[in-house]
Chemist: 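Please find one structure pasted underneath; my questions will follow.
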Amino acid sequence: GVMAKSKPEVSIQSCGIYSTWDSKSKALPQIEQFTTNVIAKLDVEFGLIINIKKAKGEKLHFCIYHPDIPDSNGEIMPPFEGVEYIKENDWQFYLGDTLWEPIENKLGDWRMTLTLNNKIIADKTFNVALEEQGSVNDFWRKRGY
């Protein structure tokens, strides 16, 4: 009989803020803080790392939906998307982004999705906000409570 194709196994290894990533390097960035809240700073690196098993040769679609960021012509940038072929049977993939000047128009929700065989296998939304919008606790702490 025909061997049933085993289902890919996907797990999110980490998600949050990472060390600076060199896309030319084989090494993935290191997680520095597990979070979906990102303080808007220049060059902050945030995203997620997934591990996919048993899916070698398949196409992984990735997409990053930015908040409404205007490009240099004032047009809203389309989502950043692309395809990566899964290279090994036990494979890690980093999907992430970083902030550039001006920071003010990068605030809001950055949603990152990974899709395999038309199924979303990872979906994380990062909230990028200025530091001043701290939590209620910070609010009171600054007042000495």
Chemist: Hey, what do you get for CD1 (Ile50) to OG (Ser11), rounding to the nearest 0.5 Å?
Modeler: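 Ile50 atom CD1 to Ser11 atom OG measures 8.0 Å (nearest 0.5 Å).
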Chemist: Quick check: are there more than 12 heavy atoms from other residues, nucleotides or ligands sitting under 6.0 Å from NZ of Lys87?
Modeler: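 Enclosed: over 12 neighbouring heavy atoms sit under 6.0 Å from NZ of Lys87.
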Chemist: Answer yes or no: is there a side-chain heavy-atom contact under 4.5 Å between Thr115 and Ile121?
Modeler: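 Answer no - side chains too far apart.
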Chemist: To the nearest 0.5 angstrom, please state how far the CZ atom of Phe126 sits from the CH2 atom of Trp110.
Modeler: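 Rounded to the nearest 0.5 Å, the CZ-CH2 separation comes out at 11.5 Å.
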Chemist: Where do Leu60 and Trp91 come nearest, in terms of heavy atoms and distance?
Modeler: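 Heavy-atom minimum between the residues: CD2-CZ3, 3.8 Å.
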Chemist: Would you give the length of the straight line joining atom NZ of Lys54 to atom CD1 of Ile86, rounded to the nearest 0.5 angstrom?
Modeler: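 Interatomic distance, Lys54 NZ to Ile86 CD1, rounded to 0.5 Å: 13.5 Å.
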Chemist: Among side-chain atoms of Tyr94 and Gln13, is any donor-acceptor pair under 3.5 angstrom?
Modeler: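 The criterion, which ignores hydrogens and geometry beyond distance, is not satisfied for Gln13 and Tyr94.
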Chemist: Measuring from Cys63:SG to Met112:CE, what's the distance to the nearest 0.5 Å?
Modeler: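 So the SG of Cys63 and the CE of Met112 are separated by 10.5 Å.
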Chemist: Would a 4.5 Å heavy-atom cut-off, applied to side chains only, mark Asp90 and Asn51 as touching?
Modeler: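 Yes, at least one pair of side-chain atoms sits under 4.5 Å.
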Chemist: Which atom pair, heavy atoms only, marks the closest approach of Ile12 to Cys15?
Modeler: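 Minimum heavy-atom contact is CG2-CB, 4.3 Å.
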Chemist: Please report the closest heavy-atom contact between Ala40 and Leu99, naming both atoms and the distance.
Modeler: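 Closest approach of Ala40 to Leu99, heavy atoms only: CA-CD1, 3.6 Å.
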Chemist: Looking only at non-hydrogen atoms, find the nearest pair between Pro29 and Trp21 and report the distance.
Modeler: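 For Pro29 versus Trp21, the nearest heavy atoms are CD-CD1, 3.1 Å.
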Chemist: Kindly determine whether Glu32 and Tyr18 satisfy side chain to side chain contact (heavy atoms under 4.5 Å, CB included), including the steps that lead there.
Modeler: CA-CA 5 Å; Glu32 288 181 349; Tyr18 292 84; 5.8 Å; no
Chemist: State yes or no: do Leu130 and Val128 share one hydrophobic cluster built from I, L, V, M, F, W and Y residues joined by side-chain heavy-atom distances below 4.5 Å, directly or via other members?
Modeler: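 In one cluster with Leu130: Val128, yes.
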Chemist: Look at the side-chain heavy atoms of Ile, Leu, Val, Met, Phe, Trp and Tyr, link any pair under 4.5 Å apart, and say whether Phe80 and Trp100 land in one connected group.
Modeler: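 Phe80 clusters together with Trp100.
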Chemist: Linking I/L/V/M/F/W/Y whenever any side-chain heavy atoms sit under 4.5 Å apart, do Tyr65 and Met77 land together?
Modeler: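 No, Tyr65 does not connect to Met77 through the hydrophobic network.
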Chemist: Mind listing the closest non-hydrogen atom pair of Val44 and Ile39 along with its distance?
Modeler: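 So the minimum-distance heavy-atom pair works out to CG1-O, 4.0 Å.
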Chemist: Going from CD on Glu45 to CD1 on Ile31, what distance comes out if it is rounded to the nearest 0.5 angstrom?
Modeler: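 Spacing of CD (Glu45) from CD1 (Ile31) equals 10.5 Å.
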Chemist: With a 4.5 Å limit on heavy-atom distance, are the side chains of Asn117 and Glu58 in contact?
Modeler: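 In contact.
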Chemist: Is any side-chain heavy atom of Asp109 closer than 4.5 Å to one of Pro67?
Modeler: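 When only atoms from C-beta onward are counted, Asp109 and Pro67 do not touch, as no gap falls below 4.5 Å.
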Chemist: Could you walk me through whether Phe93 and Leu48 pass the side chain to side chain contact (heavy atoms under 4.5 Å, CB included) test, one step at a time?
Modeler: CA-CA 8 Å; Phe93 180 72; Leu48 61 139; over 6 Å; no
Chemist: Quick check for you: to the nearest 0.5 Å, what is the distance between Thr35 atom OG1 and Asn127 atom CG?
Modeler: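 Atom-to-atom, Thr35:OG1 and Asn127:CG are 9.5 Å apart.
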Chemist: Test side chain to side chain contact (heavy atoms under 4.5 Å, CB included) on Lys59 and His61; report intermediate values, then the result.
Modeler: CA-CA 6 Å; Lys59 273 199 312 202; His61 288 257; 4.2 Å; yes
Chemist: Taking the side chain as every heavy atom from C-beta outward, state whether Lys56 and Tyr85 have any atom pair closer than 4.5 Å.
Modeler: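 Heavy-atom side-chain distance check fails, nothing below 4.5 Å.
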Chemist: Looking at every heavy atom in both Ile103 and Lys41, which two are closest together, and how far apart are they?
Modeler: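 Shortest heavy-atom separation between Ile103 and Lys41 comes out as CD1-C, 3.7 Å.
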Chemist: Say whether, by atom type as modelled, one donor and one acceptor occur between the side chain of Asn73 and the main chain of Glu75 under 3.5 angstrom.
Modeler: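 Not at all, since once roles are kept as given, no pair shorter than 3.5 Å links the two residues.
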Chemist: Would you indicate whether the side-chain heavy atoms of Leu95 and Ile49 approach each other to under 4.5 Å?
Modeler: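 No, their side chains stay 4.5 Å or more apart.
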Chemist: What I'd like to find out is whether the side chain of Arg111 reaches to under 4.5 Å of the side chain of Asp123, using heavy atoms alone.
Modeler: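 They are in side-chain contact.
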Chemist: Does atom CD of Gln30 have more than 12 heavy-atom neighbours from other groups under 6.0 Å away?
Modeler: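 It does not: Gln30 CD has 12 such atoms or fewer within range.
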